[in-house]
Amino acid sequence: MEERARIPYSPSDVETKWQRIWEDRGTNAFTLEELRSAGNRYYQLMMFPYPSAEGLHVGNIYAFTGADVHGRYRRLLGHTVFEPIGFDAFGIHSENFALKQGIHPMDLIPSNVANFTRQLRRIGGMFDWNHTVDTTDPKYYAWTQWLFIQLFNAGLAERKEAPVNWCPSCMTVLANEQVIGGRCERCDTPVEQRRIAQWFFKITDYAQRLLDNLDHLDWSDSTLKAQRNWIGRSEGAELHFPIVGREERVEVFTTRPDTVFGATYMVLAPEHPFVDLVTTDEGREAVEAYRTEAQRSDLVTRQKADKTKSGVFTGGYCRNPATGDNIPVWIADYVLMDYGTGAIMAVPGHDERDFEFATAFDLPIVRVVAGPGEDGGTPLLEAYVDNQAGTMVNSGRFDGLGVPEGKTAITDWLEAEGLGKRQINYRIHDWCISRQRYWGPPIPIVHCEACGPVPVPEDQLPVVLPRVEDFRPDDSGISPLARVEEWYKTSCPECGADARRETDVSDTFLDSGWYFLRYPSTDFDDRALDPEITQRWLPVDCYIGGNEHAVLHLLYSRFLTMALAELGHVDFEEPYDRFRAHGLIIREGAKMSKSKGNVVIPDPIIEEYGADTFRTYLMFLGPFGEGGDYREAGIQGPYGFLHRLWDTVVNSASGEDHPSGSVADPDVERKLHQTIAQVTGQLADLQYNTAIAAMMEYLNAVRAGGREAARAEVEPLVVMVAPFAPHIAEEMWERLGNESSIFDHAEWPAYDEDKARESDVQLAVQVNGKLRGTVSVPAGADQQRAEAAARAEPNVARFLDGSQVRRVIHVPDRLLNFVVG
RNA sequence: GCCGGGGUGGCGAAAUCGGUAAACGCAGGGGACUUAAAAUCCCCCGGGCUUCGGCCCUUGUGGGUUCAACUCCCACCCCCGGCACCA
């Protein structure tokens with residue numbers, strides 16, 4: 001063979017070149033006209049990042065690359081793929097960082113965004129930089145405020161005073177869902193309770209629809225399950241327990257109305273409004289003491305399930321509507337004010353918590369359900385909680401009914417008597433969006449003494465967050481903006497009287513709850529969502545993100561979309577057709593963290609190996625949905641693969657004398673079509689690691705024994721590798737003589753089943769389930785033929801010799817098993 | 001405690017409508033080419049035994065179903081993530 005100068009692969013040259021070309025040609029950017037007219041659209045979305053000062057971390061890159069690979073794959077299939085990215089830059093994280101470093105967030109965020117943008121361009125994502133959002137840009141949050149007003153006008157926003165979680169360290173209120181095990185999600189400080197008037201979105205109005213729609217979404221099962229659990233529907237009954245000696249009655253929610261005959265006492269949450277009502281003079285002192293203690297104690301001790309039960313007797317009684325007995329009313333902190341009615345009927349025989357409480361305070365325990373082999377007299381050593389098996393006992397005329405029937409029968413009876421009704425309860429709470437902080441969009445409300453809360457007129461949006469140098473929260477619990485008189489003093493939009501702006505800002509989950517709706521409409525400053533474009537591009541076709549947002553972000557954005565649909569702003573109520581959670585990247589078997597100093601920093605890796613290798617390695621090191629272990633040495637695999645691919649394509653297929661016109665080798669061609677089948681299917685399912693393995697295997701076959709590749713053998717591989725390694729693919733595509741971008745003109749290789757078919761297959765031969773040999777038979781060989789070939793195999797014959805074959809199992813093209821006895 | 005996900009070579013991992021366990025890659029060993037190195041190509045690479053034909057064992061543990069189990073069933077152990085007195 002003639003010596004030729006090898007053209008070396010230089011990742012940085014190739015990547016710089018193509019990033020510039022994409023930029024110049026607008027390869028990935030849409031004009032307004034293109035957005036309007038696009039056909040066969042595909043909206044590929046990834047969860048937008050918080051632009052931290054540290055820059056992009058591997059977790060971000062992993063997620064974005066996984067999404068980008070799928071988007072590029074779709075584009076090669078002929079879809080018009082819109083793949084935007086933006087920045088979720090408001091919130092407590094920036095604010096805390098800014099305070100610590102003494103840099104104002106208004107100065108910090110733009111430089112972080114610039115750095116992120118630089119890094120994002122470098123990893124070669126197919127981002128449309130014409131349609132990006134920054135939640136801190138007044139042009140964006142004007143519409144976040146607009147969204148608030150739409151919900152306010154629809155009666156979906158309400159201001160209510162509520163006990164809230166207060167973090168004494170961050171000096172701010174936390175949503176229930178931001179409290180992790182009774183501690184502040186961010187600083188791990190034990191959370192306390194305070195009462196503050198706040199704005200809530202009534203997501204609970206949509207609980208059932210949010211639950212029902214889950215049945216029709218193409219989402220990961222684990223995510224669906226997490227949403228169902230969070231919504232927490234439970235069916236039961238609300239029962240009335242009249243307070244002895246008074247008009248009022250205590251309402252309780254129970255999922256076990258069948259056990260009402262076993263309700264031997266009641267418990268109210270310490271905050272329950274009826275506590276004063278039921279408490280007698282004798283009980284008052286103890287009750288007051290207990291309530292004070294409960295209010296002071298933070299939610300940590302309040303919510304520890306393994307804490308020993310505490311409580312006090314109020315001195316008052318209610319009448320059990322089933323038995324007619326008077327039963328004592330206690331208060332205890334194991335009953336939570338914010339679930340159900342804040343009061344329970346205690347059935348110690350059939351509820352573990354009530355059993356524990358009754359045992360501690362020597363309250364009567366009555367059996368009203370008998371398990372298999374038990375009867376009404378069987379002593380209860382622990383609560384019997386099975387709510388399927390079991391028969392009702394000690395329940396008057398209901399004795400003998402099974403538990404499920406008993407629930408219906410008792411509920412029907414009490415309903416008829418006016419003592420209760422069927423009830424469905426949800427665990428989910430209304431969404432508190434008020435934050436007593438600085439770094440967020442001001443809630444667009446003006447408080448007027450005469451008119452009450454009045455929304456800022458839409459033509460006056462945005463309500464611009466003023467630059468305040470001292471925005472440190474203080475112990476007063478009021479928002480930093482409440483210290484800026486020249487900002488909050490205003491006049492009422494309705495009556496013109498002196499008024500005061502709302503000084504709370506909104507939750508970042510509101511910013512991120514609708515950003516994906518905004519991307520396609522960012523060309524418009526006069527409307528949040530352009531109806532025509534929104535209809536064309538939404539809902540999102542494929543959404544990729546972390547499972548840490550499986551509940552809150554996804555639920556909130558579903559709720560907002562549903563509300564907007566109801567208000568006529570969008571014509572769909574579910575925002576994401578398909579959602580897939582990506583896994584977590586660890587490093588050398590250990591979780592990455594700044595404190596351990598084992599964080600993977602992308603820039604030096606891209607410098608050394610190139611973005612294409614980095615991307616390919618990240619997608620190769622484990623299943624995308626599960627994450628994987630980033631091991632320094634492992635990057636050599638994909639690095640070598642891309643080098644060999646380059647060498648094969650550029651150095652053997654670009655010169656004049658290369659065999660590019662020659663017909664592909666039939667064995668290689670078969671392997672090619674098998675590879676096409678596998679890669680095509682696996683890119684659709686985001687199974688990237690095995691798709692890459694298949695391409696490696698194919699390249700090995702192409703190069704086996706140092707053979708020269710034919711163009712027809714490598715060109716399809718260049719297309720298939722393009723989603724993972726877009727820059728090198730473009731370069732190879734160009735060197736193969738193509739003029740325009742591979743992503744605009746290449747076609748995804750067509751799979752030909754006939755060409756993929758093997759003529760002969762290796763059949764495994766077993767004797768009594770143990771492998772004794774393999775034989776080559778024509779594909780599709782029948783049992784007779786397979787058996788003949790198998791018996792001819794000496795080692796098989798040896799094991800069959802002298803034995804009686806009692807059965808033969810034949811799995812065509814796979815295996816033949818002789819059962820001998 | 002409850003809900004998810006997982007446990008397979010030295011390492012990252014493949015294979016789950018039950019059908020040749022370890023594809024692909026890393027690390028390691030040997031060889032070819034080279035003045036040398038890199039790159040490339042070829043071979044070996046779970047454990048034990050071997051008459052070199054093969055044989056036995058091996059997918060967290062213990063049982064079970066089956067001609068056949070990483071895959072299904074029962075019990076248990078461990079790791080990761082989430083939720084946690086929700087009546």
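Residue numbering restarts at 1 for every chain, and letters A, B, ... go by the order of the sequence lines.
Stem analysis of RNA chain B (Watson-Crick or G-U pairs, both distances under 3.5 Å, runs of at least three) returns B:1-7 with B:77-83, B:10-12 with B:24-26, B:28-32 with B:40-44, B:46-49 with B:54-57, B:60-64 with B:72-76.
Other residues, nucleotides and ligands place no more than 12 heavy atoms under 6.0 Å from the CG atom of A:Leu584. Remark: A:Arg785 CZ is loosely packed, at most 12 non-hydrogen atoms of other residues, nucleotides or ligands lying under 6.0 Å away.
The CG atom of A:Asp760 sits 17 Å away from the C1' atom of B:U20 (whole-angstrom rounding). For the pair A:Tyr9 OH and B:A39 C1', the computed distance is 16 Å after rounding to whole Å. In this structure, the OH atom of A:Tyr334 is 20 Å from the P atom of B:A84, given to the nearest Å. Whole-Å rounding puts the A:Leu699 CG to B:U40 P distance at 11 Å. A:Glu697 places its CD atom 12 Å from the P atom of B:A15, with the value rounded to the nearest Å.
Between A:Tyr265 and A:Phe361, the gap from one ring centroid to the other reaches at least 6.0 Å.
Side-chain atoms of A:Thr314 and A:Tyr290 include no donor-acceptor pair closer than 3.5 Å. For the residue pair A:Thr690 / A:Gln682, a side-chain donor-acceptor distance below 3.5 Å is found, with atom types taken as modelled. For the residue pair A:Tyr426 and A:Gln208, a side-chain donor N or O sits within less than 3.5 Å of a side-chain acceptor on the partner. A donor-acceptor pair shorter than 3.5 Å cannot be found between the side chains of A:Gln766 and A:Arg772. With hydrogens and angles left out, the side-chain atoms of A:Asp760 and A:Ser776 include no donor and acceptor closer than 3.5 Å. Between the side chains of A:Glu235 and A:Gln423, no donor-acceptor pair of N or O atoms lies under 3.5 Å. Side chains of A:Tyr339 and A:Asn425: no donor on one and acceptor on the other come within 3.5 Å.
With both ends at atom C1', the span from B:U66 to B:C73 equals 12 Å, rounded to whole Å.
By the rule that a glycosidic angle within 90° of 0 means syn, B:G82 does not qualify and counts as anti. Base orientation of B:G4: anti, since the glycosidic angle falls outside 90° of 0.
Heavy atoms of A:Ser234 sit under 4.0 angstrom from primed sugar atoms or phosphate atoms, though from no base atom. Using a 4.0 Å heavy-atom cutoff across all strands shown, A:Asp354 reaches no nucleic acid atom at all. Counting non-hydrogen atoms under 4.0 angstrom, A:Thr690 reaches the backbone sugars and phosphates but no base. Among the atoms of the strands shown, only primed sugar atoms or phosphate atoms (P, OP1, OP2) are found under 4.0 Å from some heavy atom of A:Gly705.
One finds a salt bridge joining A:Asp218 and A:Arg580 here, because a Lys/Arg side-chain nitrogen approaches an Asp/Glu carboxylate oxygen to under 4.0 Å.
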Find every protein N or O atom lying less than 3.5 Å from an N or O atom of nucleotides 62-68 of chain B, and list the pairs.
residue: B:C67; atom: OP1; partner: A:Arg807; partner atom: NH1; Å: 3.2
residue: B:C67; atom: O2; partner: A:Asn817; partner atom: ND2; Å: 2.5

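Side-chain atoms of A:His350 come within 3.5 Å of backbone atoms of A:Tyr384 as a donor-acceptor pair (strictly under, hydrogens ignored).
With hydrogens and angles ignored, a donor-acceptor pair closer than 3.5 Å exists between the side chain of A:Lys309 and the base of B:C85.
Of the candidate nucleotides B:G25, B:C85, B:C41, B:G25 has the atom nearest to the side chain of A:Phe620.
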Open item on the list: Walk along nucleotides 50-58 of chain B from 5' to 3' and tag each nucleotide B, S or - by protein heavy-atom contact under 4.0 Å, base first, then sugar-phosphate.
Closed with: ----SSSS-

